[in-house]
Structures are given as C-alpha cells and as structure tokens.
Amino acid sequence: MTRPLLQVKGLTKRFKEREVVKGISFSVAEGSCAALLGPNGAGKTTTISMLAGLLQPSGGSIELLVNGSPVPDRRPYIGYLPQTPVFYPWMTGKEFLLYAGELAGLKSREAALETAEWLEDVGLKDAGKRKIGGYSGGMKQRLGLAQALIHRPKLLILDEPVSALDPSGRKDVLSLLQRIRQETTVLFSTHVLHDAEEICDEILMIREGEIALAGSLDHIRRTYSEPVIRLEVGGDEASRAWLAAVGSKDFVSQAETSGGRAKLTVTDVELASLALMADAVAHRVMIRSLEAGQSTLEDLFLKVVQS
Amino acid sequence: MMDTMNTSIPWGLIAPLIVLQLILAVVGLISLYKAEATRGPKWLWVIIILCGNILGSVAYFIIGRKDAS
Amino acid sequence: MQFRLFFRKEMLEMGRSYKWLWVPLVFLMLGVMQPIVTRFMPEILKSAGNMPKGMTISIEPPSGAEVLAQTLGQYSSVGLLILVLSFMTIISGERQSGVSQMIFSKPVSYGSYTAAKWASMLSLITVSFALGYAGAWYYTVQMIGSVDAGAAVKAGLFYLLWLWFAGSLTLFMSSLINPAAGIAFVSLGAALLLSMASGWLPRYTAWSPGSLPQISAEWLQSSGEAKGAAGAAVLCLVCMAILFTGTIYQVKLKKSKI
C-alpha cells in the first residue's frame with residue numbers, strides 16, 4: 001500500500017508580491033494519514049485550499065492518482081472540511097447532508113441512506129432534525145466531517161480540524177478521525193504536534209511556505225532523535241557548580257542548564273550516565289534524578305520551527 | 001368631516017390594503033419571534049414593525065434578519 | 001440535474017427567509033396604493049386645510065392609464081430598491097460566510113449554481129411584479145377609469161424586462177464584490193443612471209435597457225407604438241445574457257474569500 005494517491009510538484013502561490021507557498025513537493029501514499037504540520041502563517045491553509053481546488057495555484061501541479069493514473073477533475077474523489085465549517089443556518093443537519101450528498105453526485109436514495117448512516121456515525125442522530133443555526137462548534141465540526149465523507153472520497157482533506165474545539169470536542173473528532181483513517185487516506189493540517197502524532201504516520205513539516213522536513217513518523221523519530229539525559233541535582237552551591245561544569249565534558253554534545261536541572265544531549269547514553277554518576281560521587285554531589293532517554297519530536301519540531 | 005368622507009369611501013377596496021398590511025406585520029413578528037439572532041435588539045424591531053407601517057416590516061426583513069443568507 | 005438541486009435549495013431558502021411572502025406582498029401593496037392615493041388626493045388636500053377661503057382646488061382627474069404609469073414609477077424607485085436590497089448578498093453572502101468553500105470543493109457545475117440563483121431570483125421578481133401590477137390595474141379600473149388592456153399588458157411585459165435586467169445586474173455585482181453596501185450602491189446607481197440617461201439623451205440611448213421604463217409609460221399613455229421598443233427589448237436580453245455569463249465566470253474565479 002505505498003502507491004501514491006496525491007502527488008504535488010513545485011506547488012506555488014503568490015498573493016500580489018508575497019509568495020506564501022514556495023514550490024513545495026510531496027506525495028501522500030494511498031491508505032496513509034499525513035499531517036501538514038507547521039506554525040501559524042506557514043502557508044498551511046493556502047496549501048490545503050489549493051489541494052481542495054478552491055484556490056488557483058500560481059505554479060506547480062497537483063495530481064490525484066486513481067488506479068495509478070491521474071484524474072482530470074479531482075473533486076469527486078476528495079472530501080474537504082474547512083477550518084471553521086459554515087453551513088446554511090436555516091437548514092437542518094439532515095437536510096444539509098442530503099444536499100451535500102446529492103451535490104457530490106449521489107442519487108437521492110443513496111444520499112438518504114448515507115445521510116442516516118453518517119448522522120449516526122458522528123453522533124448527530126437526534127440533532128440532525130434541528131436547525132444548524134443552533135449547533136455548537138463541536139457539532140458543526142462533526143457535521144462538517146460527515147458532509148466531507150458522505151460520498152466516500154478517496155482522500156479526506158482537513159484544515160485544522162481540532163484547533164478551535166474544546167478538549168471534549170477535540171477528543172470526539174480525533175477518535176472519529178482514528179476510525180475514518182482505517183478506510184480513507186487522510187491529509188490534515190495542524191499546528192499542534194500532539195494531534196499529528198496521535199493519528200498520523202506521515203509528517204510534512206512546513207515553515208514559511210517551504211517543506212522543512214518530511215517522512216514517516218517512525219523514520220523521523222529514528223533519524224532525528226538523539227540520546228538525551230535529564231539530570232536534577234540539589235540546590236546547594238557545589239551541586240550547581242558541578243552541573244554547570246558537566247556541560248563541558250567531552251561526551252556531552254549539547255547542554256541546556258537551568259537552576260538545578262540540565263538537559264544533556266550525549267553521544268552514548270549508557271557510557272554517559274555511568275560517567276556522570278561516577279563524577280558526581282567523586283565530587284560528593286547528590287543526584288536527585290537521572291533520566292536517560294531520547295529527544296522527543298516536540299524538541300525536533302521546536303528546533304525546525306525556530307531555526 | 002369623517003361623515004362626509006365615509007359616504008364616498010369604497011371600504012370594500014380599502015379594507016384589503018389594511019389586511020395586507022396586517023399580514024405583513026404579523027409575518028414580520030412571527031419571523032422575528034423565530035429568529036435565533038437579529039441585528040440589534042429584538043424589542044426595537046417589534047416597535048419598528050408595529051409603528052413603521054410597510055417600511056418598518058421591510059426594513060426588518062432586509063436589515064434585521066441575520067440568517068437570511 | 002444539479003440545476004434542479006441548486007434551484008430547490010434557493011427556493012427553500014427564499015421560503016424560509018419569508019422572501020416568498022413579503023416581497024410579493026410589498027409589491028402588491030405598492031401597486032394598490034397608487035390608485036387609492038390618486039383617488040383620494042383631492043380629499044386629502046382639502047382636509048390638510050390651510051387653504052385660503054374661496055380658493056377651489058381644481059385638479060384634472062387623471063386617466064386610468066396615467067395612474068398605471070405612475071404605479072410603474074413607484075416600482076422604479078421603491079420597488080427597485082427593495083429588489084436590489086433583498087438580492088444583493090445572493091452570491092457574495094455564501095462566499096463571505098464560507099459555506100461556498102464546502103459547496104465548491106464538491107464536483108459542482110458553476111453554470112448550474114449561477115443559473116439556479118438567477119432563475120430563482122427572476123421567478124420571485126416575476127411573481128411579485130405580476131401580482132402588484134395586476135392589483136394596480138384592478139384598483140385603477142375600479143377607482144379611476146378603464147385602461148386599454150393590450151397597452152397595459154405590453155407595458156407590463158416591458159417593465160418586467162427592466163426589472164429582470166436590474167436583477168441580473170445585482171446578481172453580477174454580487175459575484176464581483178463582497179461588501180453588501182457596495183453591491184447595492186453600484187447596482188442601484190447603474191440602473192438609475194441608465195434610466196435617467198434615456199431621459200436626457202433619448203437619441204443615443206434609444207435601445208438602452210434604461211429606456212424600457214419610459215417605453216412602458218409611453219405605451220400606456222399614448223395609444224401609438226413606442227419607438228425602439230423591439231430594439232430595446234432585444235438589447236436588454238443580450239445584456240442579461242452577458243451579465244449572466246460574466247457572473248458564472250466570476251463565481252468560478254472567486255470560489256471563496258481566501
């Protein structure tokens with residue numbers, strides 16, 4: 001299942017003088033879940049809008065491959081959920097799903113069947129009879145998911161699907177996505193690494209309109225994670241001085257010290273921790289805690305974003 | 001003066017106009033009652049619809065309704 | 001097929017927002033009011049008082065055709081204003097709110113989308129005007145005097161064409177720009193300029209859509225053929241077709257506000 005479904009080459013968008021998306025290229029494999037990860041203003045929404053066909057790219061190509069060959073019109077094969085979905089407030093949830101289903105090309109009977117099924121799936125069975133004008137943000141997001149999926153698209157494109165939700169709404173939508181991704185290829189944008197880690201297996205980090213880092217989550221974790229030792233010592237003068245001196249040992253490649261704590265990036269965790277403990281004993285310094293592990297994706301994300 | 005006018009006023013033709021005006025105001029009030037949100041406070045629109053004749057109701061339908069589009 | 005879907009939605013929306021009720025109702029009242037006011041004008045003036053003693057008001061009682069022409073004048077101001085204001089956000093509203101993002105990411109035809117909006121708008125205009133004009137005609141005959149049926153029908157049809165043109169103009173403006181006030185201002189301004197221009201420069205604007213209201217009035221008041229009527233009608237339909245095509249193009253170009 002590594003056949004590409006979406007292939008983007010040199011995608012560019014200029015607004016007047018400003019280049020918001022600077023020739024990005026990537027592909028999304030069939031059956032995978034990819035996150036477009038980046039800080040606010042990195043060009044995520046612009047990219048997503050171009051993928052959804054709402055915005056004309058200034059350059060580059062977007063190809064959706066169905067059964068191995070690119071389709072001339074990709075709209076029948078994608079489902080799209082905007083950042084803050086807006087509906088007709090005078091329609092009921094059920095009416096809107098029917099409408100969306102028929103617009104996507106379903107026959108009215110199919111649309112009715114799918115509507116009933118999706119209302120149930122996203123937990124709006126009862127609310128479906130009410131006007132959308134009275135829905136909460138989380139309900140609208142779930143209705144938005146249902147309208148994006150009603151025609152069983154090959155690719156689901158979501159723009160910041162959980163950013164605006166409260167924790168319980170967030171959990172609902174994430175667990176829905178978890179289920180959806182079993183059947184559908186998903187591409188979504190987010191500025192929260194944690195959301196990406198929770199459901200995705202591919203990551204595209206984007207910064208100032210360019211891809212900064214791309215690959216599978218496992219691969220990135222393996223390639224970019226470094227051995228790290230987190231150390232905490234007592235608050236006395238001698239301990240502090242020792243901690244500051246430890247940073248210059250030859251097995252430490254990078255050290256961040258603050259107060260009685262230090263985060264040391266080392267070459268070898270085992271050797272380093274043994275040496276540290278021996279050194280501490282020699283200097284009669286009491287180690288309160290020593291944790292050996294790997295740097296997290298969060299560390300990497302921050303590094304990419306801030307560099 | 002009213003007496004002299006009464007004789008010449010074809011009430012059969014004028015009454016429908018008054019009925020139409022009433023219908024318009026009632027429709028406006030029903031719509032206002034059902035509306036989730038309006039531009040400006042609802043009580044103000046009640047006054048405008050009731051006192052503003054045709055124009056009051058029209059103003060409500062055009063400006064006051066929020067969920068029209 | 002998609003046209004029917006879009007059209008059904010537009011009709012439903014106009015129903016739920018009470019447009020199908022209040023616009024025809026207001027047009028009917030506008031139409032009926034003119035003959036009533038004309039009929040009672042002498043009494044109203046008399047009761048307003050402040051007349052020097054001994055002075056008699058002698059107002060030439062207008063003919064039925066004149067009153068009907070005055071009714072059309074009402075539609076040219078208040079009626080047009082109401083139409084433009086109630087249709088100004090017909091396209092821009094969906095783009096502004098963001099619901100268009102969901103609609104246009106689906107495999108929809110921009111032509112059907114625009115055509116449904118256009119057709120639903122024209123049907124509301126037609127029903128409202130027909131109702132109001134019929135009411136005005138009936139009241140005129142009852143209270144003022146008879147009107148030549150042939151002339152009245154012809155005048156009504158030409159006037160309807162003018163309203164269709166104004167509606168198409170509003171639809172196009174709504175696809176072109178976002179602020180509602182701007183749409184209303186430009187549409188009303190253009191319609192007003194067009195109709196005034198045919199009053200000032202009749203030679204150069206003989207076939208302009210703006211001469212349609214004038215043609216209607218002429219038809220009512222003089223029994224003869226109005227000059228350039230056929231040309232104006234054809235040109236108006238051509239303009240509407242151009243505006244419609246322009247609207248489709250703009251809808252496709254500006255799918256969402258981002």
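Naming convention: chains lettered A, B, ... in sequence-line order (proteins, then strands); numbering from 1 in each chain. Bear in mind that the values here come from a model prediction, so they are computed numbers and not experimental data. Values below: every heavy atom of this structure, side chains too, minus hydrogens, waters and symmetry copies.
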Within this structure, what is the [atom1]-[atom2] distance for the pair [X] and [Y], rounded to the nearest 0.5 Å?
X: A:L55; Y: C:K254; atom1: CG; atom2: NZ; result: 13.0 Å
X: C:K106; Y: A:I150; atom1: NZ; atom2: CD1; result: 8.0 Å
X: C:K9; Y: A:L98; atom1: NZ; atom2: CG; result: 15.5 Å
X: C:E94; Y: A:Y88; atom1: CD; atom2: OH; result: 3.5 Å
X: A:I157; Y: C:S105; atom1: CD1; atom2: OG; result: 8.5 Å

Got more than 12 heavy atoms from elsewhere within 6.0 Å of [atom1], [X]?
X: C:W137; atom1: CH2; result: yes
X: A:K22; atom1: NZ; result: yes
X: C:K255; atom1: NZ; result: yes
X: C:R4; atom1: CZ; result: no
X: C:Y249; atom1: OH; result: no

| task | Below 4.5 Å from any heavy atom of chain A, which atoms of C:L12 appear? Answer side chain, backbone, both or neither. | result |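 Answer is both: backbone and side chain atoms of C:L12 are under 4.5 Å from chain A.
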
| C:L5 versus A:L103, closest heavy-atom pair with distance |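 Scanning both residues completely, I find the closest heavy atoms to be CD2-N, 3.5 Å.
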
| Atom of A:V86, atom of C:G98 and distance for their closest heavy-atom approach |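 Heavy atoms only, the tightest pair is CB-C, 4.2 Å.
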
| message | Could you check whether C:R8 pairs with A:E102 (Lys NZ or Arg NE/NH1/NH2 to Asp/Glu carboxylate O, under 4.0 Å)? | response |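 Salt bridge flag = yes for A:E102 with C:R8.
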
| Checking side chain to side chain contact (heavy atoms under 4.5 Å, CB included) for the pair C:M102/A:Q147: CA distance, chi angles, key distance, verdict? | CA-CA 8 Å; C:M102 260 186 284; A:Q147 68 79 33; 3.1 Å; yes

| task | Evaluate the side chain to side chain contact (heavy atoms under 4.5 Å, CB included) criterion for residues A:R75 and C:F104: first the C-alpha distance (whole Å), next the side-chain angles of each, then the deciding distance (0.1 Å), finally the verdict. | result | CA-CA 9 Å; A:R75 293 180 304 170; C:F104 291 136; 5.7 Å; no

| request: Among A:P76, A:A52, A:G53, single out the residue with the greatest number of heavy-atom pairs under 4.5 Å to chain C. | output: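 Of A:P76, A:A52, A:G53, A:P76 has the most heavy-atom pairs under 4.5 Å with chain C.
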
| What part of A:K13 lies closer than 4.5 angstrom to a heavy atom of chain C: side chain, backbone, both or neither? |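 For A:K13, neither part sits under 4.5 Å from chain C.
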
| query | Is it the side chain or the backbone of A:P85 that comes within 4.5 Å of chain C heavy atoms, both, or neither? | reply |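 Both parts, backbone and side chain.
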
| Backbone N or O of A:W90 within a donor-acceptor pair of the C:R16 side chain at under 3.5 Å? |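 A pair under 3.5 Å: yes.
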
